[in-house]
There are 2 protein chains.
Amino acid sequence: MSAPQETDSRRRLNREEVLRTALELVDSEGLEALSMRRLGQALDRDPMGLYRYAANRADLLDGITELVLNELAIFPTDPDWQAQLRRIAHDLRLLALRHPNVVPLLVTRPLSTPLGLRPLGTLRPLEQILGLLIEAGFAPNDALHVYRAYYGFLYGHILNELQEYIVDPEENVALLRLGLHRLPARDFPNLRELAPVLADYDGEAELDEGISILLSGLAERLTTGKEAPAG
Amino acid sequence: MSAPQETDSRRRLNREEVLRTALELVDSEGLEALSMRRLGQALDRDPMGLYRYAANRADLLDGITELVLNELAIFPTDPDWQAQLRRIAHDLRLLALRHPNVVPLLVTRPLSTPLGLRPLGTLRPLEQILGLLIEAGFAPNDALHVYRAYYGFLYGHILNELQEYIVDPEENVALLRLGLHRLPARDFPNLRELAPVLADYDGEAELDEGISILLSGLAERLTTGKEAPAG
DNA sequence: GCCTAGAGTCTACGGTGTAGATGCATTCGG
DNA sequence: CCGAATGCATCTACACCGTAGACTCTAGGC
């Protein structure tokens, strides 16, 4: 009882438990480190046994994205929809920074599955944000457009920020300089000149600024009753 | 000579040729269909011989993204920067629709490679758009911010649109209805109600609308000399 | 004619996802 | 209390993967 780990290996697992250690594996060693055999040995179980909790590897990946998205709290009945959208944006950003290795999953998996057939957990944010917007007074049609603009902006920002994200900030500048120095000066003058600016990128501030612009635009469209902008 | 295909297999290949048929393979059969062996047999060559043109599989993928991005024409000296940005946006959208299977690559590869070490071809759009903006009068600092907003919006939109994209529009409605019907009504009322709206999503119009909003915001900031919005 | 260098080929190794057979333990029917 | 059945865990095996290293073959220089 002192060690509820994998040592007494006869404990019965469940899907969530499997997904959780799969997530740990991805977080610590990257996506391609996640194989059935590797996961099996992390759980001290036969790899084949895992098929009891995930139909196949793809389903495992879907489960991970679902698990991660469940970390995101949304309160669709909050009357202050702007504050809510702003908080969700920051939360999602932090979530992406916490699990950078699963961001490719977040972004990629939906591309290969028609909307209606996706894991329910991944549709929850969409549903709830639609609810939030409709509650706030948007017509359902417009709510969808607003969601697209919001979601598009968010994912765009996350991709932006993660592309320039490197764990050790010390190393950041070094690597950046190193890499940019490699660029042929005559073909990439602008990029090289902007190296220092690239190096100190404040993702949180940039996200917040962008969200402010978006929200003010949306609020105006809500009160004047015009159609919402595209995303 | 009548068939410059793979039949007389003694012709010497080059990297571009290899990448091009790799791209064809990905376009027609998906990303996971691209293996060294498969590609080798598509070129009627020994799979090992391909390592002459790509250091490894990752390099092959990088090459494909580079090849695809090269389809994008940018004229950094065009004085009408707004028209230019609008055209590029539409071109990139079409490019994504033309090669939906490589979009995951476009989006994912940069996440695993520090900016400075990326294939030069993938940095060209960044460099040239920075040039365009600086030429237009933005301070280099602001140009970077503007680029991020622009790029983030674009990629966000593409991800949005591709998630709802299905080849056969006939099937589209069917699948969508089918899928959404599967959703538990009490948990997903909004999503189910919006099914018809989801079905006819005009990506081009939505992109154009969004770009207009973005550009007008940017133009204003350019003339008033304020800082650019975040992305 | 021979030697060399390089391109093309083959084999082999350690990994992968997963189908199917097999072993095992537990529970149920009599 | 015993046998059968039922479901879970495990094992083996197959087809595929990326790629290191050895080998063969060819073309060109002397």
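Note that this is a predicted model, so its numbers are computed, not measured. Just so we're on the same page: letters track the sequence lines, and every chain starts at 1.
- Rounded to whole angstrom, the span from the CG atom of A/Asn56 across to the C1' atom of C/dA19 amounts to 13 Å.
- If you take NE2 on B/His157 and CG on B/Leu207, they are separated by 4.5 Å, rounding to the nearest 0.5 Å.
- Residue A/Arg52 places at least one side-chain N or O under 4.0 Å from the OP1 or OP2 atom of D/dC8.
- Residues B/Pro104 and B/Leu31 meet the side-chain proximity criterion, which asks for heavy atoms closer than 4.5 Å.
- In this structure, the CG atom of A/Leu34 is 12 Å from the C1' atom of C/dT16, given to the nearest Å.
- C/dT11 atom C1' lies 11 Å from atom CG of B/Asp46, rounded to whole Å.
- Heavy-atom contacts from other residues, nucleotides or ligands closer than 6.0 Å to NE2 of A/His181 number 12 or fewer.
- Of the candidates D/dT10, C/dT18, D/dG18, D/dG18 carries the atom nearest the B/Arg57 side chain, counting heavy atoms from C-beta on.
- A/Met36 places its CE atom 17 Å from the P atom of D/dC11, with the value rounded to the nearest Å.
- Here D/dC17 presents its C1' atom at 15 Å from CD of A/Glu32, a figure rounded to the nearest Å.
- Listed candidates were D/dC17, D/dA9, D/dG21. Nearest to the side chain of B/Met48 is D/dG21.
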- Message: For B/Asp59 and B/Arg15: C-alpha separation, side-chain torsions, deciding distance, then whether salt bridge (charged side-chain N to carboxylate O under 4.0 Å, His left out) applies.
- Response: CA-CA 11 Å; B/Asp59 186 44; B/Arg15 181 167 221 256; 2.8 Å; yes

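- Both A/Tyr53 and A/Arg37 lie near DNA chain D, and the one whose nearest nucleotide falls closer to the 5' end is A/Tyr53.
- Atom pair B/Asp59:CG and D/dG18:P shows a separation of 14 Å (rounding to whole Å applied).
- When the C1' atom of D/dG18 is taken as reference, atom CG of B/Leu39 falls 13 Å away, rounded to whole Å.
- Taking atom CG of residue A/Asp44 and atom C1' of nucleotide D/dA9, one finds them 13 Å apart after rounding to whole Å.
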